[in-house]
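First up is the structure itself, then whatever we jot down about it.
When reading the values below, keep in mind they use all heavy atoms of this one structure, side chains included, and skip hydrogens, waters and symmetry mates. Just so you know, residue 1 is the first one in the sequence shown, and it goes up from there.
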Amino acid sequence: MIKTFEIIISGQVQGVGFRPFVYNLAQQFQLNGSVCNNQDGVCIHINTSKEKAQEFLLTIVKEAPQVSVIQNYAISEVTFRAYTDFKIIPSKTNNQINIPLTPDFAICESCKSEIRDISNRRYGYAFTTCTHCGPRYALTTKFPFERAHTTVASFSMCKKCEEEYINPDDRRFHSQTNSCNMCGIRLQLVDANGIAFKENQSNGIKKAAQLLATGSILAIKNTNGYLLCCDANNKEAIERLREKKQRPSKPFAILYATIEKVKKNFRITKEEEQALTSSVAPIVLLHLDARSTDLECESIAPGLNQLGVMLPASPLLTLLMDEVKIPIIATSGNIHGSPIISEKDEAIAKLSEVADYFLHHNLIISFPQDDSVVRCIGEHQIILRRSRGLAPNYMGNNALNNEKILAMGAHLKSTFTFTPNANIYVSPYFGNLDSYEVLERYQEQISKYILLFNTEPELVLIDFHPQYQSSITGRELASQWSAELVRIQHHKAHFASVLGEHNLFESEEKILGVVWDGTGLGEDNAIWGGEFFSYQNNHIERLTHFEYVDWIAADKMAKEPRLSLLSMLPEGERHRIKDRFSDTEWQVYTKMLAGNRLKTSSVGRVFDAVASLLLHIDTTTYEGEAAMLLENKAMEYHSTEFIDFLQGITYTKIPTKTIIQNICKAIDKGMAAAQIADSLIHTLALLIIKIAQQHQYHCIACSGGVFQNAILVKKLLQTAESRGVELKFNRILSSNDENISLGQLWYHQHIKN
């Protein structure tokens, strides 16, 4: 008997070609009915038997578009309605939106072929997209995902694009971002004075490539924001970009045309290649091949033997790299410390002193994003920055979302998390909220989410530190909305982020939490950062920590590794570094130590101290620089002989000064810096396993910025496997402070302390 059935598919199913897929599948099944986007995802109605409806649903789930993510699906019989054909109908919603935001997707191989094919009508068109690729989140203005709800709406489709859009046999059938050279987005190449080149679209890209090849710096508007680019083989151009961008030593990312060209310069694993060529197309940290000679490596990433590499994620960058034929620097279009720029007027105002030329376009970007950054350790992937292609959804278990919650996150690597419905939305990385521009972007994006979902939070979660800008903003917003305000300790939020990722809140066994980072206010008003927690039955307790040492000179300590070293050296060893300070500085800082009351357990500062001791680093120019250089030094050590700097020592709290003192002894014995650096990391990995075994933990959850260290993670994985201990790391989230906002949410939902 023919009945009418309704199928609801929820998850990442809008903006991924799901409706065209369902339409064509319905033709194969010879079904009449309809499909549309709605507030819950995709809604399908069909006339058929119960058995055929079930078969149709199972085929949808099995063969869904590759970039889709189905979270839930349901089928039910509804009031009979006779359909005479099968149609894609306009989206309708009068209810609260309850779907994920679709992330941006890198250009697919089919679109690459088209823009390179001189006989194709999209030859050379820099904004070619289809149902499987292109910007989505970056262009969203409201829900559901329809052309009218994106910034592409201002470009009316020409007759040929409309024909593609309505043709079920065309791969652009119902492609909401469809456009072409005739009706689409326009490029404009201008110099720093705003004088335009009289070039057509394709010739403009060729001219931009020529300018890069001759040493110019270009500000190029990509579909997620501006990039600053120059020749990666031109030392003078790179140094000029560093000076003008005010970025003296932080590594730059390199853009390559193809994976084959990447392999000529780098040793690349299967996992790294998969990451580079994925629909996310992130920046991936790669090891240089010893044969690589053409890159200006020291200028690109001073002191480091790993470089951040990416492939073109957009048609514009694909076409540019086809013309340039050399790797180029591709770094965020901003002044160091500010957010990525996406608007033409702002780019001109702020980057005219940096860029020699601008390649603008007239597509509005709703949500500017930096490129995501990852590194691979075998099959284990570490997310260093979660942004374009990965944000803004957390596609996990959302069952506890019965409150409208805004979690404000941390301060240095800021994000926010919002639960206006049954989904969890974790914003892309913003940066350091000390920057007025970053704080402004952070606040602006929160306002956009409130409008997008038409929902004000009932509860605002903030960090335990009252002076974080995220906490200050959270208090202001809670007052504005008359929402409840709750403070959550920084490191417990880190721990909760791993527990949540791995669905460990319901675990019956006790779990050891290891949270190591640079800074975070503890419940005893010390600066925590070397913490061991215990989780069981929805309770978190602090188990132990690195011994407290003096925190001096406020924020300067995080920027001057010599201060961490001074604080951690036993008094009898301080003479080693007196020449690192002027007489006045020495007098001031030793006096501070004598009367200091603020303490820290930070492992991030331990890395700073050892980097200062071994590598003579006194000051840094970007966060994590000293730790990265120390890790880089450890990579130079290839032996299997290690020293445990805590061997034979009994302790309840990890004796920081003992570690430093034993390193001093190793230096005096003439041990190489690379071996000492590697042995420090070996010591840290070993003590985690020792504490787990001492307290009979079989599962360890690690979080915090220190666990972005590849050697530490690798040693932990190796040691844990041999000792029968299970390790859990942040895999979907970054282990750094980007995970704090989601950790705050999960802490609030699950912890009963």
Side-chain angles (χ1 to χ4, degrees), residues 269 271 275 285 374-384 386 396-397 491-517 529-536 540-546 603-604 606-607 627 631 634 640 642 644 646 654 678-740 742-743 746-747 750:
T269 66
E271 290 77 16
L285 265 59
V374 306
R375 74 190 310 180
C376 299
I377 308 166
E379 295 181 358
H380 186 91
Q381 181 173 287
I382 299 175
I383 296 175
L384 303 178
R386 181 183 170 276
N397 183 355
H491 300 89
K492 291 182 178 180
H494 266 308
F495 186 19
S497 77
V498 191
L499 293 171
E501 267 200 56
H502 295 276
N503 298 313
L504 294 174
F505 286 114
E506 305 308 316
S507 172
E508 295 184 2
E509 70 170 318
K510 62 179 184 177
I511 298 164
L512 177 66
V514 184
V515 182
W516 292 354
D517 63 3
E531 312 309 308
F532 292 81
F533 296 104
S534 181
Y535 171 81
Q536 192 170 29
I540 291 177
E541 302 291 340
R542 194 183 188 202
L543 183 67
T544 187
H545 56 87
F546 275 66
V603 176
V606 173
F607 274 85
E631 179 187 7
T640 55
F642 308 109
D644 177 2
L646 291 176
I654 292 81
D678 190 83
S679 292
L680 167 70
I681 298 170
H682 183 77
T683 299
L684 296 177
L686 204 57
L687 74 86
I688 290 174
I689 304 301
K690 284 179 179 177
I691 287 176
Q693 293 184 317
Q694 178 184 341
H695 295 274
Q696 298 181 323
Y697 290 91
H698 301 291
C699 181
I700 308 172
C702 302
S703 188
V706 170
F707 291 100
Q708 292 182 321
N709 185 299
I711 299 176
L712 176 60
V713 172
K714 185 176 181 180
K715 286 179 179 289
L716 269 172
L717 290 168
Q718 291 170 341
T719 308
E721 185 177 6
S722 65
R723 305 288 180 92
V725 176
E726 188 177 8
L727 285 168
K728 303 292 184 182
F729 297 94
N730 292 112
R731 298 287 294 272
I732 300 171
L733 305 165
S734 169
S735 64
N736 65 35
D737 281 5
E738 291 175 38
N739 71 44
I740 290 291
L742 186 50
W746 280 333
Y747 184 96
H750 293 279

Separation between CD of Gln708 and CG of Asn736, rounded to the nearest 0.5 Å: 4.5 Å
Interatomic distance, Gln718 atom CD to Ile377 atom CD1 [nearest 0.5 angstrom]: 10.0 Å
Check the side chains of Ser679 and Asp644 for a donor-acceptor pair under 3.5 angstrom, ignoring hydrogens and angles. no
If we count only N and O atoms by modelled type, under 3.5 Å, do the side chains of Asp737 and His494 hold a donor and an acceptor together? yes
Indicate whether the side chain of Gln693 and that of Arg723 have a donor and an acceptor atom separated by less than 3.5 Å. yes
Is the shortest heavy-atom distance from the side chain of Lys728 to the side chain of Cys699 under 4.5 Å? yes
Give me the atom names and distance for the closest heavy-atom approach of Leu727 to Cys702. CD2-SG, 4.3 Å
Distance, nearest 0.5 Å, that separates CD of Glu631 from CD1 of Ile711: 5.0 Å
Kindly assign one of parallel, tilted or perpendicular to the pair Phe642 and His682, based on the angle between their ring planes and the thresholds 30° and 60°. parallel
Passing candidate, side chain to side chain contact (heavy atoms under 4.5 Å, CB included) with Phe729, options Leu717, Ile382, Val498: Leu717
State, yes or no, whether a side-chain contact exists between Arg375 and Leu384 at a heavy-atom distance under 4.5 Å. yes
Side-chain donor/acceptor of Ser722 to backbone N/O of Thr719, under 3.5 Å: yes
Flag the pair Leu285 / Val374 as yes when at least one side-chain heavy-atom distance between them is below 4.5 Å, and no otherwise. no
Identify the heavy atoms of Asp517 and Gly705 that sit nearest to each other, and give their distance. CB-N, 3.8 Å
For atom CD of Gln696, is the number of surrounding heavy atoms from other residues, nucleotides or ligands below 6.0 Å larger than 12? no
Going by the rule side-chain hydrogen bond (donor to acceptor under 3.5 Å, both in side chains), which residues pair with Tyr697 if we only count those two or more places apart in sequence or in a different chain? Ser534
Considering all heavy atoms of both residues, which atom of Ile732 and which atom of Glu501 are nearest to each other, and what is their separation? N-OE1, 2.8 Å
According to salt bridge (Lys or Arg N to Asp or Glu O under 4.0 Å), who are the partners of Glu271, at least two apart in sequence or on a separate chain? none
Are the side chains of Leu646 and Ile654 in contact, using a 4.5 Å heavy-atom criterion? yes
Flag side-chain contact, heavy atom, 4.5 Å: Asn709 against Ile681: yes
Distance check, rounded to the nearest 0.5 Å: Ser703 atom OG versus Glu531 atom CD? 12.5 Å
Please report the interatomic distance OG1(Thr544) to CD(Gln694), rounded to the nearest 0.5 Å. 8.5 Å
Looking only at the side chains, is there a donor atom on one of Ser734 and Asn739 sitting less than 3.5 Å from an acceptor on the other? no
Between Trp516 and the options Phe707, Phe607, Phe533, the ring pair (Phe, Tyr, Trp, His ring centres under 6.0 Å) test singles out Phe707
I'd like to know whether CD of Glu721 has more than 12 heavy-atom contacts from other residues, nucleotides or ligands below 6.0 angstrom. no
Run Ile689 and Ile700 through side chain to side chain contact (heavy atoms under 4.5 Å, CB included) and show every step you take. CA-CA 9 Å; Ile689 304 301; Ile700 308 172; 4.0 Å; yes
Geometric class of the Tyr535/Phe495 ring pair [parallel <30°, tilted 30-60°, perpendicular >60°]: perpendicular
Between Phe532 and His545, is the gap from one ring center to the other below 6.0 Å? no
Calculate, to the nearest 0.5 Å, the distance between atoms OG and NE2 belonging to Ser497 and His502 respectively. 9.0 Å
Under 3.5 Å, side-chain donor or acceptor atoms of residues 504-514 against the rest of the protein: list the pairs with distances, not counting sequence neighbours.
{"residue": "Ser507", "atom": "OG", "partner": "Glu509", "partner atom": "N", "Å": "3.3"}
{"residue": "Lys510", "atom": "NZ", "partner": "His695", "partner atom": "O", "Å": "2.7"}

